[in-house]
Amino acid sequence: MGDASTDQNRTELPPRYDPSGLEGDLYREWVDAGLFHVEAADADNPYVIVIPPPNVTAALHMGHGLNNTIQDVLTRRRRMQGYDALYLPGTDHAGIATQNVVEREIRKDGKTRFDLGREAFVDRVWEWVDVYGNRIIEQLRTIGCSCDWERTRFTLDEGLSRAVREVFVRLHERGLIYRGRYIINWCPRCGTALSNEEAEHRDHTGKLHRIRYDLEGEDGLSVEVATTRPETMLGDTGLAVHPEDERYADLIGRTAILPLVGRVIPIVADSYVDPEFGSGVVKVTPAHDPNDFEIGQRHDLEALDVMTDEATMNDAVPEPYRGLDRVEARKRVVEDLQTGGYLVGVEEHPHSVGRCYRCDTIVEPRLSDQWFVKMAPLAEPALEAYRKGDLRFYPDRYGKVYQNWMENIRDWVISRQLWWGHRIPVWYCRHEGCGEVVVAREDPDRCPACDGELEQDPDVLDTWFSSWLWPFSTLGWPEDTEDLAAFYPTDTLVTAPDILFFWVARMVMAGLEFKGELPFTDVLLNGTVRDHQGRRMSKSLNNGIDPIEVVDMYGADAMRFTLIRGAPLGTDQQLNNEDLEEAFRPGRNFANKIWNAARLALPHLADDATRGGASATLADRWIRSRLSRAAVEIDGAFEAFRLHEAAESCHAFIWGDFCDWYLELAKRRLDEGSGPEYEAAGAALADTMEGWLGLLHPIMPFVTEAISRRMPGRGDDSTLVLGPWPQVPDAWVDTEAEDAIEALRELVGTVRALRSEYRLDPRTPLTVRVAGAGPALRAALEEERASVMRLASLSAIEDVAEGPAGAAGEPGAHAVLRYGGDIFIPLADVIDLDRERARIADESSHIAGLLGGTRAKLANEGFVANAPPEVVEREKAKLVSLEDQLGRLEEKLQSLGPAD
RNA sequence: GGGCGAAUAGCUCAGCCUGGUUCAGAGCGCCUGCCUUACAAGCAGGAAGUCGGGGGUUCGAAUCCCUCUUCGCCCACCA
């Protein structure tokens, strides 16, 4: 036992768990002690969990709360198991969102970033990145997740740009980087190219315009084409039909006159055209449609760009349309077509439209010069890793999604016409006629060919071009740092499915290409947190839940538990965003329950010295046995990333077994204050609490740590954070003790139910007669008779050796026990014989029903022949038990005499 | 157009992969009774489910197969 003053402290704990000061203090202490910042590079078992970029412009929302919590839970468990776990927070992705904020700010002053100039603009973004970054890190800390902003800041800055250049040069040397003039997705609002992944397609009902194009020549023939984007016709440089379409065989090689423009355009044959759709004739606009571009390439049609960077019509179109926005231009073109008699018809047409994933502007397919990465060679090994099973996804269905994307991979547009980001390490010679292009790791001074001046490509790289290097660039790559040696490859990636392609798939490719090894082996995709209407939480809907608010009100442990238990592997979870208490009550109540259990138990815990000798009672053996089983479940659940099961098992064991039954059974002995039985209880309490506090610690670190420190022999130093992870002996499994306590629980439960049935005041002491008790119940009664009496509010338990528990005709309440035996409670004044008869008859027919089912099963030859022997045995045992119960019920019915 | 997921108590969901110990579970809510000295953020008891519809496989289906319905997601170049 601890000394008197410690005992004093333990009993002085307040009856409510108050997380407010406690959680923050513990957290700061852990950070100060460096527990979350592994510097040592000589780790034998490096384990790294990667953290996706926090979106620094939005308040940290519950989605991130879930994601970060899962990561923190897994990391904490690994630390307890003796691994070195390193958090590597954030990437420069955060900065791109920040750039948008800065642009918005500048606009408020009626200016654009061009007024500010490139350098000043980049400085502004950095200021905001620092502000937001620090804020996010603080928020993460508040909810119990650790982060290191300095490290993140470094990776955003020098760290990544070195890696980015290295990668660019290497890919270029391998011939995987090329510059090309292609159709890309262009966001007119952001003024930049977007990758395919950045263009989100959404369904939309547009209008399909059918337009007549006259053929050139004297015969007055014309064809009809259909388009959802009439304004692009201004850039048409051809028409196409299917080569085997007999209707139009004559047209191939002829020319048509483009309405409104008057340009003469050729009609070509291309098998891309679907003869079944519309008229079977397609207008070809190579500069504004990816397919048309391909057709144009095949047939050598001119690609005529008709728009400016801002998606207004440029000088390539007839005068009246110049300068019009694309939407305006569409109206105008349709009007003019109508006026000119070219518009054959307009109909509704559902199709999908690409939008910029950052600003939701409709993207414009547009021809431009961009840098690309050839992806197929990189995808091959990444695909192979999945096929061989080296790379695993949880839930595994995402593996198929990954595979499908990899198999159909397309080249990646990596250049962006933005100012904030890593500059493309390419320089062009300004000397006339030289044309030298330099791709270099270090900034070159002069043109190596002609010694002329050089100019760097103005574009920057896609943010994901640095993100995909994240698993090694953050560790110092391309240098051979100690961190890199220790922490690459990592182990588990926890992230959301929506960046599976943006980030996860590309990290795999980069890891294999540049490090020759997978960056991680397990990818855990967490679900999305939705509001109570099932909608995604978003800023515009204002339906988000601020985790910080939740933490302030209910504590980080409460939030963590609620999120983890509510989030089965990979599935979405709904949270009531309008009633936070309802949403987080389960977690809060659980934390409080644990706290109070500790208040009861702490003053009685045996210390290490006295734990061994005491001889355990059935109850002590039972709770150890239950803990042993729970530990196996919880371990297995963690290993399979089924965190909700781990949380559920902790809850069921701690609340349902430890608090509801073990503590109640132990009270009798705890009250004694000394002696062998008291010591035994103290030892069992200490053993089991040590176990479950550790098992629960990854999920609820604060309350478990706070309690752990008050255990005897523990000080203020962290006792759980660095482990060890509890090893609960298998030998604690004890079926004899389990049977005994289960029988005891049944007896107590049955008496309570009868009491409730007859509306007896819970304080009225009753006498209960037990007949035909099986060995399990007899053992339990022998040892825990006093506890049973207290738990069921009994004044006496009478054992009846033979026959039914109730004498014939004696008024009282009857019940049978599944563990064997039956009970009788004499209740002279309250009992209604008719009611009792009816109740027993009900029960009896219910049992008879079950018995019938079981008998039928056993009579079925197919069952007996085919079912596994243990299943048949189980049914036979059930039969015996049911027959016993039914027999006793019938006896009871007899003893009550005939109904009036 | 392809692919995937979901449908179980009033609500949020487990269970399904590996069919038979679950006489279908949990939390919240609801009903009844208790301020019993760890906890009313609690305790005890209770009501509540044709496991979306239909068909099939099997001795046996919430669980496996087919199909339909209703939601949701992802991918996709049909103008």
Side-chain angles (χ1 to χ4, degrees), chain A residues 11 13 15-17 183 201 208 225-229 232 240 272-274 276-279 281-285 289-294 349 351-352 365 395-398 400-401 404-405 408 497-498 500-501 528 532 534 554 558 562 565-566 568 570-576 581-583 585-586 588-602 644-645 648 651-652 656 659-660 663-664 667 748-749 752-757 759-763 790-793 818 846-847 849-851 853-854 857 860-868 870-872 874-875 877-878 882:
Chain A
T11 50
L13 297 178
R16 286 252 170 108
Y17 173 59
I183 287 278
H201 288 266
L208 188 66
V225 303
T227 180
T228 52
R229 306 196 51 208
T232 62
Y272 159 76
V273 180
D274 176 5
E276 304 295 314
F277 189 90
S279 62
V281 184
V282 177
K283 65 192 262 309
V284 184
T285 322
D289 183 283
N291 300 309
D292 291 9
F293 178 76
E294 308 255 315
H349 180 67
H351 62 128
S352 74
D396 58 7
R397 69 186 126 92
Y398 283 108
K400 280 179 258 164
V401 178
N404 189 44
W405 186 78
N408 299 292
D498 49 334
L500 187 61
F501 306 134
T528 307
H532 65 299
Y554 311 112
T562 306
R565 191 172 59 161
T571 61
D572 291 354
Q573 79 170 306
Q574 288 195 30
L575 283 176
N576 189 337
E581 178 167 338
E582 200 221 287
R585 187 176 293 153
R588 180 197 61 178
N589 291 3
F590 188 39
N592 190 52
K593 185 73 178 177
I594 292 165
W595 182 254
N596 277 294
R599 286 179 65 222
L600 171 63
L602 282 173
H644 75 288
E645 280 184 15
E648 185 59 42
H651 183 266
C659 293
D660 284 351
L663 288 180
E664 293 305 327
K667 274 177 182 171
V748 172
R752 284 171 173 171
L754 287 173
R755 188 189 284 280
S756 184
E757 172 82 23
R759 303 235 175 282
L760 298 175
D761 188 289
R763 283 156 300 198
R790 196 174 60 78
L791 292 173
S793 300
R818 278 209 249 168
H846 176 66
I847 300 285
L850 294 173
L851 189 56
T854 305
K857 224 175 195 180
N860 183 335
E861 286 173 27
F863 174 74
V864 180
N866 297 317
E870 62 269 24
V871 175
V872 178
R874 208 150 45 218
E875 285 303 314
K878 199 159 133 192
L882 289 172

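Numbers restart at 1 for each chain; the letters A, B, ... are given by sequence-line order, proteins then strands.
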Roughly how far apart, to the nearest Å, are [N] and [M] at atom [atom1]?
N     : M     : atom1 : result
B:A40 : B:U63 : P     : 44 Å
B:A26 : B:A48 : C1'   : 15 Å
B:G60 : B:C4  : C1'   : 31 Å

Notebook entry, point to check: Reckon A:R755 touches a base, only the sugar-phosphate, or nothing at all at heavy-atom distances under 4.0 Å?
Noted result: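 Answer is nothing: A:R755 stays at 4.0 Å or more from every strand.
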
Margin query: Applying a 4.0 Å non-hydrogen cut-off, can you work out what A:K400 is touching in the nucleic acid: base, sugar-phosphate, or nothing?
Written below: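 No contact.
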
d([atom1], [X]; [atom2], [N]) in whole Å:
X      : N     : atom1 : atom2 : answer
A:Q573 : B:C11 : CD    : C1'   : 14 Å
A:N408 : B:G3  : CG    : P     : 13 Å
A:R790 : B:U36 : CZ    : P     : 13 Å
A:Y554 : B:C28 : OH    : C1'   : 14 Å
A:E648 : B:C28 : CD    : P     : 11 Å
A:E861 : B:C59 : CD    : P     : 12 Å
A:L760 : B:U32 : CG    : C1'   : 13 Å
A:R599 : B:G42 : CZ    : C1'   : 12 Å

Check: For the base of B:A38, is there a side-chain donor-acceptor partner from A:E664 under 3.5 Å away?
Finding: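 Indeed there is one.
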
Item checked: Distance-only donor-acceptor test (3.5 Å): side chain A:R585, base B:A41 ->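 By the distance-only test, no, there is no pair.
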
Next item on the list: Sequence neighbours left out, what passes side chain to side chain contact (heavy atoms under 4.5 Å, CB included) with A:D660? Give chain and number order.
Entry: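 Listed in chain order: A:K593, A:W655.
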
Please tabulate the protein-to-nucleotide N/O contacts below 3.5 Å involving nucleotides 43-49 of chain B, giving atom names and distances.
from	atom 1	to	atom 2	distance (Å)
B:C43	OP1	A:K593	NZ	2.8
B:C43	OP1	A:W655	NE1	2.7
B:G45	O2'	A:S756	OG	2.8

Next item on the list: Output the single nucleotide from B:U32, B:A38, B:A41 whose closest atom is nearest the side chain of A:R759.
Entry: B:U32

Note to self: My understanding is that only residues two or more places apart in sequence, or in another chain, count here; which of them pass salt bridge (charged side-chain N to carboxylate O under 4.0 Å, His left out) with A:R755?
What the structure shows: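 Residues passing salt bridge (charged side-chain N to carboxylate O under 4.0 Å, His left out) with A:R755: none at all.
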
Notebook entry, point to check: Do the side chain of A:N596 and the main chain of A:P15 share a donor and acceptor less than 3.5 angstrom apart?
Noted result: yes

Taking ring-ring contact (aromatic ring centres under 6.0 Å, His included) as the test, write out the residues that go with [X], two or more places apart.
X      : answer
A:Y398 : none
A:Y554 : none
A:H644 : none
A:F293 : A:Y182

Taking only nitrogen or oxygen atoms into account, show me every contact under 3.5 Å that the protein makes with nucleotides 62-66 of chain B, one pair per line with its distance.
none

Item checked: All stems with RNA chain B, defined as three or more consecutive Watson-Crick or G-U pairs under 3.5 Å ->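 RNA chain B forms these stems: B:1-7 with B:69-75, B:10-13 with B:25-28, B:30-34 with B:42-46, B:52-56 with B:64-68.
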
Short N/O separations, protein against nucleotides 15-18 of chain B, under 3.5 angstrom:
from	atom 1	to	atom 2	distance (Å)
B:G15	OP1	A:R642	NH2	3.1

Next item on the list: Using the closest heavy atom to pick a nucleotide of RNA chain B for each, name whichever of A:D572 or A:R397 lands nearer the 5' end.
Entry: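 Nearer the 5' end of the strand: A:R397.
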
Atom pairs under 3.5 Å, N or O on each side, protein against nucleotides 77-79 of chain B: can you list them with distances?
from	atom 1	to	atom 2	distance (Å)
B:C77	OP1	A:R410	NH2	2.9
B:C77	OP2	A:R410	NH2	3.3
B:C77	O2'	A:N291	ND2	2.6
B:C77	N1	A:N291	OD1	3.1
B:C77	O2	A:N291	OD1	3.2
B:C78	O2	A:D274	OD2	3.3
B:C78	N3	A:D274	OD2	2.8
B:A79	OP2	A:H349	NE2	3.4
B:A79	O2'	A:A226	O	2.6
B:A79	N6	A:D274	O	2.8
B:A79	N6	A:F277	O	2.9
B:A79	N1	A:D274	N	3.3

Restricting to nitrogen or oxygen on both sides, can you table the protein-nucleotides 19-22 of chain B pairs closer than 3.5 Å?
none

Next item on the list: Ignoring backbone atoms, establish whether A:N596 has a side-chain N or O less than 4.0 Å from OP1 or OP2 of B:A41.
Entry: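 Result: no.
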
